[in-house]
Amino acid sequence: MSAIFSPEYSYMTVFVNEDAKNTIEVLDTDSKQPINLPDFKNQSITNVGFSQDEKCMRMYVGGSDMPSNLYSYTLESKTLNKLTDVLNEEINAEDLVEAQVIRYPSFDGVEIPAIYYLPKQASETQNVPAMVWVHGGPGGQSRQNFSPLIQYMVNHGYAV
């Protein structure tokens, strides 16, 4: 999707769209080798920036089941600090649903990808109603980002 350099050009950050989810690789520009970043499991690093001296990074990390939080990361010591906790304290994070990418054939045999949110109470024996969330075309691709409205609908029993 894009690539940016740190202030002194020591690092290059490459952003890739993999199944509507950000993946990021930060490369040392001299060696062209990736630097090790913290593992955020099912969350994505959505934005990265470097301090002027390039010793620290800031990164936003979130996912389909969690709004993005701000972290600082010290490269030399590999120290990670979570700076924000933006999920409303009245929301139980266990109630939020992680999106899945599914694929289905269209009428002409072309494979269509979709981002699928399934309520936790849904099962093979417990059907739930479904809603279709249509994205806005090639320039407006839906992403596996946090959506309060979609999470609200899923928590009220609708597959989206």
Side-chain angles (χ1 to χ4, degrees), residues 1-4 11-27 34-50 56-75 78-107 109-160:
M1 293 180 44
S2 66
I4 58 170
Y11 301 99
M12 180 174 72
T13 305
V14 179
F15 297 86
V16 176
N17 176 354
E18 284 184 6
D19 265 346
K21 192 173 188 179
N22 274 356
T23 60
I24 288 182
E25 192 167 59
V26 179
L27 305 170
I35 66 169
N36 291 326
L37 295 174
D39 180 9
F40 291 102
K41 306 210 183 328
N42 66 336
Q43 306 293 302
S44 292
I45 299 172
T46 57
N47 196 314
V48 170
F50 284 84
C56 295
M57 293 172 61
R58 63 120 175 98
M59 55 185 81
Y60 285 94
V61 179
S64 59
D65 60 347
M66 181 62 62
S68 291
N69 282 295
L70 177 62
Y71 290 79
S72 68
Y73 182 62
T74 306
L75 294 166
K78 299 189 182 342
T79 304
L80 180 69
N81 291 304
K82 185 176 181 181
L83 302 175
T84 63
D85 190 1
V86 298
L87 186 64
N88 185 314
E89 63 188 32
E90 293 185 27
I91 297 173
N92 182 351
E94 297 293 317
D95 292 336
L96 301 175
V97 174
E98 185 179 352
Q100 322 168 24
V101 174
I102 61 169
R103 289 174 167 71
Y104 58 92
S106 72
F107 69 93
V110 173
E111 191 175 71
I112 308 276
I115 301 172
Y116 186 50
Y117 296 81
L118 186 65
K120 294 190 178 190
Q121 68 268 29
S123 69
E124 287 186 28
T125 59
Q126 177 65 43
N127 293 331
V128 296
M131 299 174 59
V132 176
W133 188 271
V134 180
H135 70 81
Q141 176 194 6
S142 293
R143 303 297 303 267
Q144 291 188 57
N145 295 333
F146 184 76
S147 168
L149 178 58
I150 290 176
Q151 289 292 340
Y152 177 85
M153 298 307 295
V154 172
N155 272 270
H156 282 79
Y158 293 90
V160 180

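- The side-chain heavy atoms of Asp19 and Arg103, taken from C-beta on, include a pair separated by under 4.5 Å.
- Shown here for Ser68 and Val86, the closest heavy-atom pair between the two residues is O-CG2, 3.3 Å.
- Gln144 CD to Glu18 CD: the interatomic distance, rounded to the nearest 0.5 Å, is 10.5 Å.
- Of all heavy-atom pairs spanning Ser44 and Asn22, the tightest one is OG-O, 3.3 Å.
- Residue pairs satisfying the side chain to side chain donor-acceptor pair (under 3.5 Å) criterion with at least one member in residues 87-101, sequence neighbours excluded, are listed as follows: Asn42-Glu98.
- In this structure, the separation between NZ on Lys82 and OG on Ser72 is 12.5 Å, given to the nearest 0.5 Å.
- Rounding to the nearest 0.5 Å places CZ of Phe15 at 8.5 Å from CE of Met1.
- Between Phe40 and Met59 there is a side-chain heavy-atom pair separated by less than 4.5 Å.
- Side-chain contact between Glu25 and Val16 is absent, with no heavy-atom pair separated by less than 4.5 Å.
- With sequence neighbours excluded, no residue satisfies side chain to side chain donor-acceptor pair (under 3.5 Å) with Gln151.
- Of all heavy-atom pairs between Arg143 and Lys21, the closest is NH2-C, 3.5 Å.
- Tested against Met57 for a side-chain contact (heavy atoms from CB on, under 4.5 Å), the candidates Ile45, Thr13, Leu37, Leu80 yield a single pass: Leu37.
- A heavy-atom distance below 4.5 Å is not found between the side chains of Ile150 and Ile115.
- Annotation: side chain of Val26 is not in contact with side chain of Tyr73 (no heavy-atom distance under 4.5 Å).
- Residues Gln121 and Gly157 come closest through the heavy atom pair NE2-CA, 3.2 Å.
- For Tyr60, the OH atom sits in a loose shell: 12 or fewer heavy atoms of surrounding residues, nucleotides or ligands are nearer than 6.0 Å.
- For the atom pair SG (Cys56) and CG (Leu75), the distance works out to 7.0 Å, reported to the nearest 0.5 Å.
- For Tyr71, the OH atom sits in a packed shell: over 12 heavy atoms of surrounding residues, nucleotides or ligands are nearer than 6.0 Å.
- Closest of all the heavy-atom pairs between Val154 and Val97 is CG1-CG2, 3.4 Å.
- Summarising the geometry, atom NZ belonging to Lys78 is positioned 7.5 Å from atom CD1 belonging to Ile35; distances are rounded to the nearest 0.5 Å.
- Closest of all the heavy-atom pairs between Ser142 and Ala20 is O-CB, 3.5 Å.
- The closest side-chain heavy-atom distance from Gln43 to Asp65 is below 4.5 Å.
- In this structure, the side chains of Asn69 and Thr84 come closer than 4.5 Å at one or more pairs of heavy atoms.
- Here the side chains of Arg58 and Asn47 are in contact, with some heavy-atom distance below 4.5 Å.
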